[in-house]
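The structure appears below as structure tokens.
Every value quoted in this text rests on a predicted model; they were computed, and no experiment measured them. Note that ligands are numbered from 1 as they come in the structure, with each ligand's atoms numbered from 1 the same way. Computed over heavy atoms, backbone and side chain alike; hydrogens, waters and symmetry mates excluded.
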Amino acid sequence: MTNQKGLILITGPSGVGKGTLVKKLLAENKNIWLSVSATTRLPREGEKDGKDYFFLNKNQFKNLIDSNGFLEWAQFAGNFYGTPKDEVQSKLSLGKKVLLEIELEGARQVRKNFPTGFQIFIAPPSFQELERRIRERGTDSEDAIERRLLRAKEELDAQKEFDAVIINDDINRALVEIKSLINK
Ligand code: 5GP
């Protein structure tokens, strides 16, 4: 696949503020295209199908796996998530910068297929602060929160695999760091 350097990936534990960082980054960089993932998770309040995610049922998701429609996919906290392949490939072949905001297992799969892509890990100032942010969001059940926290520990252990680690203690500073990394 051509233009591998155009593939930027952001990972980090649930609640670390990746979504806000990505929104700000896109608002300031019109040349970056954000891939819309598919998921079997139910929409949160305000989320729109086709914009935040493609919300699929398990059968639809499995059909896409079987037809080789994903660049990567993974299970996360009881749901499936995946990056639809076609759109990413066509944007890369047009020379666009493509951004993926996905979890660790998916990042590892992408790393195998796009070794020259650039992978950024967003870390919280501390685990306690991450837990506070996930609970404050108030959108998940206690069970889902527990699963997200468990997974967050695994993700934090893997940060050394990434090309860069950015601590999100101050969103504007973190954004400046991301911009300088991807514009290098
Ligand atoms: P949430 O349910 O909070 O929207 O997302 C849960 C986790 O799934 C987040 O860490 C998010 O980055 C990740 N995620 C979102 N889309 C994808 C995807 O297409 N593939 C993978 N592997 N993870 C994803």
Just need the protein heavy atom nearest to [atom], so name the residue and atom and give the distance.
| atom | answer |
| --- | --- |
| atom 20 (N) of ligand 1 | Glu72 OE2, 2.7 Å |
| atom 16 (N) of ligand 1 | Ser37 OG, 3.0 Å |
| atom 9 (C) of ligand 1 | Lys18 NZ, 3.6 Å |
| atom 13 (C) of ligand 1 | Glu103 N, 3.7 Å |

To the closest 0.5 Å, what do you measure between [atom1] ([X]) and [atom2] ([Y])?
| X | Y | atom1 | atom2 | value |
| --- | --- | --- | --- | --- |
| Ser90 | Lys96 | OG | NZ | 10.0 Å |
| Leu21 | Leu175 | CG | CG | 6.0 Å |
| Phe80 | Ser37 | CZ | OG | 15.0 Å |

So, 4.0 Å and heavy atoms of Glu101: is ligand 1 close enough to count as a contact? yes
Using a 4.0 Å heavy-atom cut-off, say whether Tyr53 meets ligand 1 through its side chain, its backbone, both or neither. side chain
Backbone, side chain, both or neither: what part of Arg44 comes under 4.0 angstrom of ligand 1, heavy atoms only? side chain
Enumerated ligand 1 atoms positioned under 4.0 Å from heavy atoms of [X]:
| X | answer |
| --- | --- |
| Thr83 | 19 (O) |
| Gly106 | 22 (N) |
| Gly82 | 18 (C), 19 (O), 20 (N) |
| Ala74 | 22 (N) |

Side chains of Gln119 and Glu161: does their closest heavy-atom pair fall under 4.5 Å? no
Under a 4.5 Å cut-off applied to non-hydrogen side-chain atoms, are Leu9 and Arg111 in contact? no
Tell me the nearest of Arg148, Gln109, Arg41 to atom 3 (O) of ligand 1, using heavy-atom distances. Arg148
Check the angle between the aromatic planes of Tyr81 and Phe76 and answer parallel, tilted or perpendicular using the 30° and 60° thresholds. perpendicular
Within a radius of less than 6.0 Å around CD1 of Ile167, do more than 12 heavy atoms belonging to other residues, nucleotides or ligands occur? no
For the pair Lys85 (side chain) and Asn68 (backbone), establish whether a donor and an acceptor sit closer than 3.5 Å, ignoring hydrogens and angles. yes
